[in-house]
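Here's the structure, in structure tokens; my notes come after.
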Amino acid sequence: MKNEITINGVTYVAKDSKPEGNRCVVVVDRGWIFAGDVTRENGRIKISRAVWVFRWESIGFAGVVANPKKADIRKIDDIDMPEGSEVFCIPVKSDWGL
């Protein structure tokens with residue numbers, strides 16, 4: 001990611017910078033939350049290098065997005081779902097959750 005600096009082992013990113021690539025956290029209906037490299041085609045959402053955000057404690061959803069190490073994240077097989085099941089998605093760094 002561009003526009004970042006590391007000080008004492010902590011990486012800081014410019015407030016206005018956006019992640020590169022196509023990795024996103026995707027919230028789908030029924031409350032499922034996945035992350036991965038997202039491709040949209042023919043009315044489908046395909047997620048490769050997928051992970052499942054299983055649960056978290058003592059931090060909100062924004063805290064999980066900011067620091068996935070504070071959540072229980074599990075690797076899963078690639079996902080293929082209908083486009084209409086997406087509630088929203090958030091772009092993240094290319095290694096998020098891995």
Side-chain angles (χ1 to χ4, degrees):
M1 179 177 289
K2 297 177 183 175
N3 299 326
E4 64 183 34
I5 186 170
T6 302
I7 301 172
N8 295 329
V10 177
T11 301
Y12 298 91
V13 179
K15 186 175 182 179
D16 62 347
S17 67
K18 297 204 182 333
E20 297 174 355
N22 61 343
R23 192 160 186 86
C24 296
V25 173
V26 182
V27 177
V28 300
D29 61 3
R30 309 285 192 270
W32 292 86
I33 303 172
F34 302 107
D37 300 338
V38 175
T39 304
R40 299 167 192 279
E41 56 187 37
N42 301 321
R44 307 290 296 176
I45 299 172
K46 297 179 181 186
I47 304 176
S48 58
R49 293 192 319 141
V51 295
W52 172 25
V53 182
F54 184 71
R55 72 181 153 143
W56 63 89
E57 296 178 20
S58 62
I59 58 172
F61 180 72
V64 171
V65 173
N67 187 354
K69 292 181 180 182
K70 292 187 175 186
D72 181 355
I73 296 178
R74 302 176 183 190
K75 290 185 179 184
I76 57 172
D77 291 335
D78 291 352
I79 299 167
D80 182 347
M81 64 183 154
E83 192 174 68
S85 56
E86 177 183 19
V87 176
F88 65 91
C89 79
I90 300 170
V92 291
K93 290 173 60 171
S94 64
D95 63 346
W96 195 97
L98 296 175

Exercise for the section: Spell out, yes or no, whether Trp32 and Val38 are grouped together once hydrophobic residues are joined by side-chain heavy atoms under 4.5 Å, including indirect joins. Expected result: yes

Practice task
Without swapping roles, check the side chain of Arg23 against the backbone of Arg49 for a donor-acceptor pair under 3.5 Å.
Solution key: yes

Handout entry: Val87-Ile90 co-clustered via ILVMFWY side chain contacts under 4.5 Å
Key = yes

Handout entry: ILVMFWY network linking Ile79 to Phe88, side-chain heavy atoms under 4.5 angstrom
Key = no

Fill in the blank from the handout: In this structure, CH2 of Trp52 is separated from CG of Asp72 (nearest 0.5 Å) by 8.5 Å

Practice task
Enter the distance from Ile47:CD1 to Arg40:CZ here, rounded to the nearest 0.5 Å.
Solution key: 8.5 Å

Exercise for the section: Mind telling me whether Trp56 and Phe61 have parallel, tilted or perpendicular rings, with 30° and 60° as the class edges? Expected result: tilted

Handout entry: Pairing of Glu41 and Lys46 as salt bridge, 4.0 angstrom limit
Key = yes

Completion exercise
To the nearest 0.5 Å, atom SG of Cys89 lies from atom CG of Asn22 at 10.5 Å

Practice task
Could you state whether Val25 and Met81 fall into the same hydrophobic cluster, counting links through intermediate Ile, Leu, Val, Met, Phe, Trp or Tyr residues with side-chain heavy atoms under 4.5 angstrom apart?
Solution key: no

Practice task
Compare all side-chain heavy atoms of Val28 with those of Val26 and state whether any distance is below 4.5 angstrom.
Solution key: yes

Handout entry: Among Val53, Ile76, Ile45, side-chain contact (heavy atoms from CB on, under 4.5 Å) partner for Phe34
Key = Ile76

Practice task
Using modelled atom types only, decide if a donor and an acceptor are shared between the side chain of Arg74 and the backbone of Phe54 within a distance under 3.5 Å.
Solution key: no

Practice task
Any chance you could measure Asp37, atom CG, to Trp96, atom CH2, to the nearest 0.5 Å?
Solution key: 12.5 Å

Problem - Residue pair Asp78 / Ser48: nearest heavy atoms and the distance that separates them - result: OD1-CA, 3.4 Å

Handout entry: Within one Ile-Leu-Val-Met-Phe-Trp-Tyr cluster: Ile59 and Ile33, side-chain cutoff 4.5 Å
Key = yes

